[in-house]
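Let me begin by presenting the structure, written as structure tokens, before commenting on it.
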Amino acid sequence: MRSDLMRQRIRSAWIFLAPMLAVLALVAGWPLVRSIYFSFTDASLSNIEAAQWIGFENYLSVTTLKSGRVIYDGLLADPIWWRAVWNTVRFTIISVTLETIFGTIVALVLNAEFRGRGIVRAAILIPWAIPTVVSAKMWSWMLNDQFGIINDILMNLGIISSKIAWTANPDTAMAAVLLVDVWKTTPFMALLILAGLQMVPGDIYEAAKIDGVHPVKVFFKVTLPLIKPALMVAVIFRMLDALRIFDLIYVLTPNNSQTKTMSVYARENLFDFDKFAYGSAAATFLFLILAVITVVYIVVGRVNFDGGR
């Protein structure tokens, strides 16, 4: 049986957590519940209070005409929605993969001993510290086809022969978004991975050096397994952030079907098209996707958020 001291500690913990849980339920839980509710209604932005319950019609509705033709309507039958899903998944896979690789490299460099390491560690965080909207606007100027510095540099180097509208061209829009996102978020991954590297005992590397083990083999056989828990936590955090990406896409490539994500699609229907219920269905579906991916990743990967496995 648990001691009185343990029960007292648990009771005290709940008392301290109660205000935070209450605020979280108010600012996050209640809007989420309302959004899910509206997804089952015909609510419009102009008259939300008059919303009527219509069931799953926003998700999928089937209409059979007198001619026998069957028409499918709703979110699950919307090709634009599924294109947004594909754009989001593609963006997430590529960006998280690149940021994990580059973040690991940067973390290994920052973990080494060299003069001015503290200054470099602080400087590397600058892209991550800049607000996303500011970063997106800054890069939109740099990537502009008329006065952008990127085109000037590439033309002076002879890499391109004519200026490219990077954020407007369907062939380069996603690449431009990925470039900006990798530039901005790699420091975040490097910071989390560096925290894992700091926990690796230095004696292991000294023993490997004495035994003459190649540094590449030391990384894959020693370093990578030891930082794997921190790496997995960093990946799930970044993956969830990438799946709900909105501000970068909305500012850098507005109204571009090649980069439109689930969050942008939901926002357009909620406010621009005055299809509040339909947009709520898209937002609810996005929430379900995030929840399922999180649970599967944690269970399959056996992620322990205290740093162990």
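Treat the numbers as computed from the prediction; the structure is a model and nothing was measured.
With a 4.5 Å cut-off on side-chain heavy atoms, Val235 and Tyr297 count as touching. Contact of the Leu179 side chain with the Trp139 side chain is registered, since non-hydrogen atoms from C-beta on lie closer than 4.5 Å. Taking the side chain as every heavy atom from C-beta outward, Val106 and Pro187 never approach each other to under 4.5 Å. In this structure the side chain of Arg121 reaches within 4.5 angstrom of the side chain of Leu194, judged on heavy atoms. No side-chain heavy atom of Tyr278 sits less than 4.5 Å from a side-chain heavy atom of Tyr59. You'll find the side chain of Ile204 reaches within 4.5 Å of the side chain of Leu226, heavy atoms only. Looking at Arg267 and Val264, their side chains never come closer than 4.5 Å, going by heavy atoms from C-beta outward. Side-chain atoms of Thr284 and Phe38, non-hydrogen and from C-beta on, never get closer than 4.5 Å to each other.
Not a single donor-acceptor pair under 3.5 Å links the side chain of Thr185 to the backbone N or O of Val182. Within the 3.5 Å criterion, the main-chain N or O of Val133 finds no donor-acceptor partner in the side chain of Asp247. Judged purely by atom type and a 3.5 angstrom limit, Trp128 has no side-chain atom pairing as donor or acceptor with the backbone of Thr186. Counting only distance, with no hydrogens or angles, the side chain of Ser263 and the backbone of Arg244 share a donor-acceptor pair below 3.5 Å. Side chain of Arg69 to backbone of Thr64: no donor-acceptor contact under 3.5 angstrom is found.
Put simply, CD1 on Ile245 and OG1 on Thr259 are 10.5 Å apart, with the number rounded to the nearest 0.5 Å. The structure places CZ of Phe237 at 11.0 Å from CE of Met189, a figure rounded to the nearest 0.5 Å. We find the CD1-CG distance between Ile164 and Asn144 to be 13.0 Å, quoted to the nearest 0.5 Å. To the nearest 0.5 angstrom, Leu286 atom CG is 10.0 Å from Ser35 atom OG. Separation of atoms OG (Ser257) and CG (Asn87) is listed at 7.5 Å; rounding is to 0.5 Å. Note: Trp81 CH2 to Met262 CE = 5.5 Å, rounded to the nearest 0.5 Å.
Val180 and Phe188 fall into different hydrophobic clusters, where Ile, Leu, Val, Met, Phe, Trp and Tyr side chains are chained together by heavy-atom contacts under 4.5 Å. In terms of hydrophobic clustering, with Ile, Leu, Val, Met, Phe, Trp and Tyr side chains grouped at heavy-atom distances under 4.5 Å, Leu191 and Ile105 are assigned to different clusters. Ile153 and Leu143 fall within the same hydrophobic cluster, where Ile, Leu, Val, Met, Phe, Trp and Tyr residues are linked whenever their side-chain heavy atoms come under 4.5 Å apart, directly or through other members. Using a 4.5 Å cut-off between side-chain heavy atoms of Ile, Leu, Val, Met, Phe, Trp and Tyr, with links allowed through other members, Val218 and Ile193 fall into the same hydrophobic cluster. Each of Leu178 and Met239 belongs to its own hydrophobic cluster when Ile, Leu, Val, Met, Phe, Trp and Tyr are linked at side-chain heavy-atom distances under 4.5 angstrom.
Considering every non-hydrogen atom in both Gln146 and Lys163, the closest pair reads O-NZ, 3.0 Å. Taking all atoms of both residues into account, the shortest heavy-atom contact from Phe114 to Val109 is CE2-O, 3.3 Å. For the pair Asp181 and Ser95, the tightest heavy-atom approach, listed with the atom from each and the gap, is OD2-CB, 3.6 Å. Scanning both residues, Ala230 and Gly196, for their nearest heavy atoms gives CB-CA, 3.9 Å. The two residues Ser135 and Lys184 have their closest heavy-atom pair at OG-CD, 4.0 Å. Between Ala136 and Leu252 the shortest heavy-atom distance is O-CD1, 3.3 Å.
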Between Val233 and Leu192, does a side-chain contact (heavy atoms from CB on, under 4.5 Å) hold up when you go through it step by step? CA-CA 8 Å; Val233 172; Leu192 295 182; 5.8 Å; no
Tell me, with the steps shown, if Arg238 and Asp241 meet salt bridge (charged side-chain N to carboxylate O under 4.0 Å, His left out). CA-CA 5 Å; Arg238 180 64 200 121; Asp241 195 40; 2.9 Å; yes
Derivation and outcome, side-chain contact (heavy atoms from CB on, under 4.5 Å), residues Thr104 and Leu231: CA-CA 9 Å; Thr104 303; Leu231 191 62; 4.2 Å; yes
Passes side-chain contact (heavy atoms from CB on, under 4.5 Å), Tyr265 versus Val85? Steps please. CA-CA 9 Å; Tyr265 178 91; Val85 173; over 6 Å; no
Before you tell me yes or no, could you show the steps for Lys275 and Asp42 under salt bridge (charged side-chain N to carboxylate O under 4.0 Å, His left out), namely the whole-Å CA-CA distance, both residues' side-chain angles and the distance that decides it to 0.1 Å? CA-CA 8 Å; Lys275 298 167 65 176; Asp42 60 354; over 6 Å; no
Just do the side-chain contact (heavy atoms from CB on, under 4.5 Å) check on Val177 and Thr253 with the steps written out, would you? CA-CA 8 Å; Val177 171; Thr253 58; 3.8 Å; yes
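Open room surrounds CH2 on Trp14; 12 or fewer heavy atoms of other groups in view lie less than 6.0 Å from it. Dense packing is recorded around CZ of Phe273, with more than 12 heavy atoms of other residues, nucleotides or ligands lying under 6.0 Å away. Within a 6.0 Å sphere centred on CZ of Arg9, other residues, nucleotides and ligands contribute 12 heavy atoms or fewer. By the neighbour-count criterion of 12 heavy atoms within 6.0 Å, atom CG of Asn255 is sparsely surrounded, having that number or fewer from other residues, nucleotides or ligands. Applying the 6.0 Å contact sphere to CZ of Phe56 captures no more than 12 heavy atoms from other residues, nucleotides or ligands. Heavy-atom neighbours of Trp82 CH2 from other residues, nucleotides or ligands within 6.0 Å: above the threshold of 12. At most 12 non-hydrogen atoms from other residues, nucleotides or ligands lie less than 6.0 angstrom from CE of Met199. Around CG of Leu5, the count of heavy atoms belonging to other residues, nucleotides or ligands within 6.0 Å exceeds 12.
If you check the side chains of Gln198 and Asn111, you find a donor sitting under 3.5 Å from an acceptor. In this model, a donor atom of one side chain and an acceptor atom of the other lie less than 3.5 Å apart for Trp166 and Asn151. Counted by atom type alone, Thr223 and Tyr205 present one or more donor-acceptor pairs between their side chains at under 3.5 Å.
Residues Trp141 and Phe147 keep their aromatic ring centres 6.0 Å or farther apart.
Between Phe271 and Phe276, the ring planes are perpendicular. Angles over 60° get that label, and only those under 30° would be called parallel.
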Donor-acceptor pairs under 3.5 Å, side chain of residues 24-33 to any protein atom, not counting sequence neighbours: which ones?
none

